[in-house]
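Below, chains carry the letters A, B, ... as their sequence lines are ordered, and counting in each starts from 1.
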Amino acid sequence: MYRTHTCGELRLADAGKQVVLSGWVQRSRKFGKMTFMDLRDRYGLTQLVFSEEDNPQLNELAEKLGREFVVRVEGSVRERTSKNDQLPTGEIEIEVTTLEVLNAAKLPPFTIEDETDGGDDLRMKYRYLDLRRGPVQKNLIFRSKLATETRKYLADEGFIEVETPVLIKSTPEGARDFVVPSRMNPGQFYALPQSPQTFKQLLMVSGLDKYFQLVKCFRDEDLRADRQPEFTQIDCEMSFVTRDDVLATFEGLTKYLFKATLGVELPDFPIMQYDDAMRLYGSDKPDIRFGMTFVELNDVAKGKGFQVFDGAELIVGIKAEGQAGNFSNKDIKNLTEWIKRPQIGAKGLVYVKFEGDGNIKSSVGKFFTEDDLKGWGEKFEAKPGDMLLILSGETDKVRKQLNELRLEMGTRMGLRSKDRFEPLWVVDFPWLEWDEEMEHFHAMHHPFTSPSVDFIPKIMESDEFNILKSAKANAYDLVINGWEIGGGSIRIHDRKLQERCFELLGFTPEAAEAQFGFLMGAFEFGAPPHGGIAFGFDRLCSIMNHADSIRDYIAFPKNNSGRDVMLDAPAPIDEIQMKELAIAVTVEKE
RNA sequence: AGUGCUGUAGCACAAUGGUUGAGUGCACCCGACUGUCUCUCGGGAGGUUGCGGGUUCGAAUCCCGUCAGCACUGCCA
């Protein structure tokens with residue numbers, strides 16, 4: 001027998017028991033004629049004691065054991081003479097009578113401790129050692145708990161989990177597909193799903209009514225701290241529902257998950273129009289933990305002879321409360337440099353300081369009178385001590401830039417508290433987006449998203465650009481603290497509307513039929529109205545725990561360039577394999 | 001594809017805007033210690049400064065290239 005107990009469970013009440021423990025040697029401390037050793041497993045640490053006087057051979061063997069040796073010990077539990085109140089098992093120790101080395105261990109490349117000395121890349125190369133560390137195990141345990149609670153809630157709500165295929169068909173729309181060659185069909189390829197979208201819609205046609213799946217999805221796009229090429233979604237679909245039915249169900253799920261795993265009671269989720277989110281926050285995923293909403297100045301700042309503003313499509317600013325005294329000219333200059341970096345790309349930054357003594361200072365003081373600037377202040381309800389930061393330019397760009405500035409100022413002013421979760425729904429996204437370069441529309445969400453009911457007749461009948469562009473999608477995103485956690489929509493379930501949608505997206509009827517004929521065909525056999533949502537599961541784990549990267553919640557993640565550094569994958573394959581698959585490599589590396 | 005930061009001992013980092021000896025901490029090895037638990041104390045070993053080239057009397061340091069890691073932009077329907 002390898003063990004009667006784990007390394008985390010023995011207490012003072014167990015004193016006197018004969019026990020068997022197995023685990024890894026965390027660290028040993030030689031102290032004169034005694035040796036203390038911490039034995040570790042997933043459940044905790046237990047101290048082992050060896051004494052040269054009681055058992056010289058055993059003590060000598062114990063002294064030889066290095067870090068991470070795997071051992072099995074027999075012995076008796078006894079009360080410690082000096083206790084350790086930092087440790088759950090700190091009141092007891094094991095007086096070892098038998099010590100068996102199950103496996104020796106080389107010295108690990110970094111210390112396997114909660115506060116490791118290893119850097120990220122080294123830890124990823126030896127991820128199996130990194131995963132021995134408490135904080136990393138804690139993350140995976142959290143993830144497991146979140147998955148269990150998700151299944152529990154959705155099962156109680158009557159959802160059934162259905163597995164959908166991983167080898168499917170490539171579609172050119174949207175993200176790049178990972179592709180798998182077919183040996184039995186030379187020259188042909190499967191694709192890995194970016195999401196089980198069409199399958200879950202077909203399950204609705206089948207009458208399964210409420211479907212969910214914790215499912216791996218794949219996208220062959222560049223990575224970020226919050227983006228991996230393979231990731232997990234809580235994928236759901238429901239029949240005979242309106243938007244508000246879906247929102248209610250998944251607001252319920254989100255609240256339940258926060259309560260069950262973190263003990264956090266979330267407030268009710270406000271619903272924000274996409275247009276308002278863009279106008280007030282410059283983002284479709286606003287961080288509403290703090291205000292500092294945008295105020296537009298076109299009506300009061302134009303026509304005064306300041307050419308930058310006069311030529312701008314939009315003049316818009318934020319108010320940094322009480323910051324007039326905190327930003328020197330040098331600070332403002334640095335902030336201006338920051339926002340002019342190519343990643344943000346603003347042309348310049350205008351400030352107005354309403355100083356505590358009533359003076360007004362501004363970078364555009366020579367173009368505007370004090371009354372002008374006071375007028376701006378009124379729009380912001382600025383008080384003495386406040387500072388305005390103003391950008392101008394093309395509407396879309398300037399909103400995006402000011403969004404970055406707002407978030408940066410929020411961070412600097414300590415307004416983005418990690419203790420608070422502020423969820424909201426963003427709704428009524430545009431249905432179509434005009435692509436200037438390609439000169440055609442593409443779906444903002446995806447081509448199966450239904451337009452809002454009011455727009456359906458117009459879309460079916462009109463080809464007028466402005467009507468099409470103004471159409472709203474019956475789509476919704478869940479945003480928490482400025483992170484997009486999930487998104488979904490009410491789907492199209494009518495063949496004619498779906499055909500019209502593909503037509504607007506530039507598909508020929510033949511191309512639409514070739515790619516999505518199976519779905520449109522299904523719609524003709526009694527498809528119910530339906531809609532759904534998908535949550536980014538990895539992302540949900542990381543935001544719930546304030547992690548910087550979703551990698552912390554993925555057992556074996558890929559690095560920045562999509563490589564698994566532990567496996568050293570991807571890698572070339574054998575000539576024989578290539579031949580069998582009827583494929584050839586034409587370029588080694590670009 | 002682009003921009004930025006980083007690369008020095010097993011690990012984390014230091015070394016003036018160029019020259020003398022590339023150091024510190026952790027880990028490791030040896031020794032001392034009967035109540036340690038971040039033990040303590042004494043001693044020791046450990047380096048192609050990512051790689052290639054250039055400038056110079058002299059390069060970890062400056063220049064060019066390259067590779068790798070990270071962050072961001074594009075991209076992610």
Side-chain angles (χ1 to χ4, degrees), chain A residues 26-39 45-54 59 63-64 66-68 78-87 89-91 93 95 106-126 129 171-177 194-195 197 217-229 231 338 341-345 400-401 404 429-433 435 437-438 440-449 473 475 484 487 489 501-502 505-507 536 548-549 551 559-563 565 589-590:
Chain A
Q26 176 71 30
R27 154 186 275 137
S28 64
R29 294 174 293 277
K30 225 183 105 205
F31 194 92
K33 290 174 180 155
M34 305 181 76
T35 304
F36 301 97
M37 188 178 291
D38 293 331
L39 192 66
L45 289 177
T46 298
Q47 176 166 284
L48 313 177
V49 193
F50 303 85
S51 162
E52 195 176 312
E53 285 187 356
D54 297 349
N59 189 53
E63 283 180 10
K64 282 187 196 150
R67 284 170 182 262
E68 302 304 316
R78 75 178 182 205
E79 186 174 2
R80 293 201 199 181
T81 50
S82 65
K83 299 187 169 61
N84 182 349
D85 58 11
Q86 304 293 306
L87 218 56
T89 61
E91 288 191 302
E93 64 195 0
E95 189 179 9
K106 290 207 296 189
L107 193 68
F110 52 89
T111 57
I112 297 175
E113 292 167 2
D114 288 3
E115 297 288 328
T116 184
D117 61 5
D120 286 348
D121 39 349
L122 195 68
R123 286 170 42 211
M124 289 309 153
K125 184 169 178 188
Y126 297 94
L129 296 180
T171 56
E173 278 266 317
R176 294 181 185 88
D177 286 317
Q194 299 172 27
S195 93
Q197 183 61 33
C217 300
F218 306 86
R219 291 180 190 173
D220 186 9
E221 294 294 343
D222 286 5
L223 289 80
R224 290 286 189 282
D226 63 348
R227 258 165 36 193
Q228 285 271 302
F231 59 101
W338 179 82
R341 287 179 314 148
Q343 274 86 346
I344 301 180
K400 209 174 158 191
Q401 292 156 3
E404 298 288 343
F429 285 79
W431 188 51
L432 299 172
E433 266 184 321
D435 189 322
E437 276 180 35
M438 304 293 283
H440 70 74
F441 282 111
H442 65 252
M444 184 145 182
H445 192 57
H446 58 52
F448 315 108
T449 299
E484 184 192 327
S489 61
C501 177
F502 284 130
L505 294 174
F507 283 72
D548 294 329
S549 168
R551 285 170 214 174
N559 79 0
N560 228 7
S561 25
R563 298 197 69 82
V565 293
K589 192 177 179 184
E590 284 190 33

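- In this structure, CZ in R176(A) is found 7.5 Å from CG in D222(A), a value given to the nearest 0.5 Å.
- At a cut-off of 3.5 angstrom, counting only N and O atoms as typed in the model, there is no donor on one side facing an acceptor on the other between the side-chain of R123(A) and the base of rG10(B).
- The line from NZ of K106(A) to CD of E68(A) is 13.5 Å long, rounded to the nearest 0.5 Å.
- The base-pairing partner of rA22(B), taking Watson-Crick or G-U wobble contacts with both distances under 3.5 Å, does not exist among the strands shown.
- If you measure from atom CD of E93(A) to atom C1' of rU36(B), you get 10 Å, rounded to the nearest angstrom.
- The gap from the C1' atom of rA12(B) to that of rG7(B) amounts to 13 Å, rounded to the nearest Å.
- In a base pair of the Watson-Crick type (N1 to N3 plus N6-O4 or O6-N4) or a G-U wobble (N1-O2 and O6-N3), with each distance short of 3.5 Å, rG31(B) is matched with rC41(B).
- The distance from atom CG of L432(A) to atom OG1 of T449(A), rounded to the nearest 0.5 Å, is 10.0 Å.
- Remark: the backbone N or O of R563(A) is not paired with any side-chain donor or acceptor of S561(A) at under 3.5 angstrom.
- Atom CD of E93(A) sits about 4.5 Å away from atom CZ of R78(A), to the nearest 0.5 Å.
- For N559(A), counting side-chain heavy atoms from C-beta on, the closest listed nucleotide (rG69(B), rA71(B), rG35(B)) is rG69(B).
- A side-chain donor-acceptor contact under 3.5 Å links S549(A) to the backbone of A225(A).
- Closest to the side chain of F31(A), from the set rC37(B), rG69(B), rU36(B), is rU36(B).
- When the C1' atom is used for both rA68(B) and rA27(B), the distance is 25 Å, rounded to whole Å.
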Original post:
Under the salt bridge (charged side-chain N to carboxylate O under 4.0 Å, His left out) criterion, do E52(A) and K30(A) qualify, and how do the steps go?
Top reply: CA-CA 11 Å; E52(A) 195 176 312; K30(A) 225 183 105 205; over 6 Å; no
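- As rounded to the nearest Å, rA45(B) and rC29(B) have P atoms that lie 16 Å from one another.
- Distance check on atom P: rU3(B) versus rU40(B) gives 49 Å, rounded to whole Å.
- Shown here, rC51(B) forms a base pair with rG65(B); the pair counts as Watson-Crick or G-U wobble because both key distances fall under 3.5 Å.
- Here F110(A) lies out of heavy-atom contact (under 4.0 Å) with every strand.
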Under 3.5 Å, which protein N or O atoms sit close to an N or O of nucleotides 74-77 of chain B? Give each pair with its distance.
{"from": "rG74(B)", "atom 1": "OP1", "to": "K400(A)", "atom 2": "NZ", "distance (Å)": "2.6"}
{"from": "rG74(B)", "atom 1": "N7", "to": "R224(A)", "atom 2": "NH2", "distance (Å)": "2.9"}
{"from": "rG74(B)", "atom 1": "O6", "to": "D222(A)", "atom 2": "OD2", "distance (Å)": "3.3"}
{"from": "rG74(B)", "atom 1": "O6", "to": "R224(A)", "atom 2": "NH1", "distance (Å)": "3.2"}
{"from": "rG74(B)", "atom 1": "O6", "to": "R224(A)", "atom 2": "NH2", "distance (Å)": "3.4"}
{"from": "rG74(B)", "atom 1": "N1", "to": "D222(A)", "atom 2": "OD2", "distance (Å)": "2.8"}
{"from": "rC75(B)", "atom 1": "O2'", "to": "E221(A)", "atom 2": "OE1", "distance (Å)": "2.6"}
{"from": "rC75(B)", "atom 1": "O2", "to": "R227(A)", "atom 2": "NH2", "distance (Å)": "3.1"}
{"from": "rC75(B)", "atom 1": "N3", "to": "R227(A)", "atom 2": "NH1", "distance (Å)": "3.2"}
{"from": "rC75(B)", "atom 1": "N3", "to": "R227(A)", "atom 2": "NH2", "distance (Å)": "2.9"}
{"from": "rC75(B)", "atom 1": "N4", "to": "R227(A)", "atom 2": "NH1", "distance (Å)": "3.3"}
{"from": "rC76(B)", "atom 1": "O2", "to": "R227(A)", "atom 2": "NE", "distance (Å)": "3.4"}
{"from": "rC76(B)", "atom 1": "O2", "to": "R227(A)", "atom 2": "NH1", "distance (Å)": "2.9"}
{"from": "rC76(B)", "atom 1": "N3", "to": "R227(A)", "atom 2": "NH1", "distance (Å)": "3.0"}
{"from": "rA77(B)", "atom 1": "OP2", "to": "R219(A)", "atom 2": "NH1", "distance (Å)": "3.4"}
{"from": "rA77(B)", "atom 1": "O4'", "to": "G174(A)", "atom 2": "N", "distance (Å)": "3.4"}
{"from": "rA77(B)", "atom 1": "O3'", "to": "A443(A)", "atom 2": "O", "distance (Å)": "2.9"}
{"from": "rA77(B)", "atom 1": "O2'", "to": "A443(A)", "atom 2": "O", "distance (Å)": "2.6"}
{"from": "rA77(B)", "atom 1": "O2'", "to": "M444(A)", "atom 2": "O", "distance (Å)": "3.2"}
{"from": "rA77(B)", "atom 1": "O2'", "to": "H445(A)", "atom 2": "O", "distance (Å)": "2.3"}

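- Atom name P, nucleotides rU24(B) and rC62(B): the rounded distance is 24 Å, in whole Å.
- Rounded to an integer number of Å, the gap from N59(A) CG to rU34(B) C1' is 11 Å.
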For nucleotides 42-48 of chain B, give me every protein contact, N/O to N/O, under 3.5 Å, one pair per line with atom names.
none

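- Residues F429(A) and M444(A) share a closest heavy-atom pair of CD2-CE, 4.0 Å.
- Each of P109(A) and D54(A) was assigned the nucleotide of RNA chain B with the nearest heavy atom; the assignment lying further toward the 5' end belongs to P109(A).
- Here the closest non-hydrogen pair linking F231(A) and Q194(A) is CZ-O, 4.3 Å.
- The nearest whole Å value for the distance from the CD atom in E63(A) to the P atom in rC33(B) is 11 Å.
- Panel note: side chain T111(A), backbone E113(A); no donor-acceptor pair is recorded below 3.5 Å.
- Contact between the side-chain N/O atoms of S561(A) and the OP1/OP2 oxygens of rG69(B) is found at a separation under 4.0 Å.
- Remark: rC75(B) base-pairs with no nucleotide in the shown strands. Criterion, Watson-Crick or G-U wobble with two distances under 3.5 Å.
- On the P atoms, rG25(B) is 13 Å away from rG44(B), given to the nearest whole Å.
- The side chain of P342(A) lies closest to rU3(B) when the candidates are rG35(B), rU3(B), rA71(B).
- Atom CH2 in W338(A) sits about 14 Å away from atom C1' in rA71(B), given to the nearest Å.
- As a whole-Å value, the separation of L45(A) CG from rU36(B) C1' is 14 Å.
- Taking all atoms of both residues into account, the shortest heavy-atom contact from N84(A) to Q86(A) is OD1-N, 2.8 Å.
- Nucleic acid contact for L122(A): sugar-phosphate only, since backbone atoms but no base atoms lie under 4.0 Å from a heavy atom of the residue.
- When rounded to the nearest whole Å, the span between CG of N84(A) and C1' of rU36(B) equals 10 Å.
- Pair assignment for rC70(B) gives rG4(B), based on Watson-Crick or G-U wobble hydrogen-bonding distances that are each under 3.5 Å.
- The nearest whole Å value for the distance from the CE atom in M37(A) to the P atom in rC39(B) is 14 Å.
- Taking the C1' atom of each, rG46(B) and rG23(B) are spaced 14 Å apart, rounded to whole Å.
- Mapping G119(A) and E79(A) onto RNA chain B by nearest heavy atom places G119(A) closer to the 5' end of the strand.
- Look at R29(A) and you won't find any side-chain N or O under 4.0 angstrom from OP1 or OP2 of rC33(B).
- Remark: side-chain polar atoms of W431(A) are not paired, donor with acceptor, to backbone N or O of A475(A) under 3.5 angstrom.
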Subject >> Sequence-aligned protein contact record of nucleotides 23-31 of chain B, with B where the base is within under 4.0 Å of a protein heavy atom and S where only the sugar-phosphate is >> reply: ----SS---
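- Between the C1' atom of rG50(B) and the NZ atom of K125(A) lies a distance of 13 Å, rounded to the nearest Å.
- Contact annotation: side chain of R80(A) to base of rU36(B), donor-acceptor pair present below 3.5 Å.
- Note that the CD atom of E63(A) and the CZ atom of F50(A) stand 10.5 Å from one another [nearest 0.5 Å].
- Comparing the same atom, C1', in rU6(B) and in rA14(B) gives a spacing of 15 Å after rounding to whole Å.
- Residues N559(A) and R551(A) approach most closely at C-NH2, 4.4 Å, considering heavy atoms.
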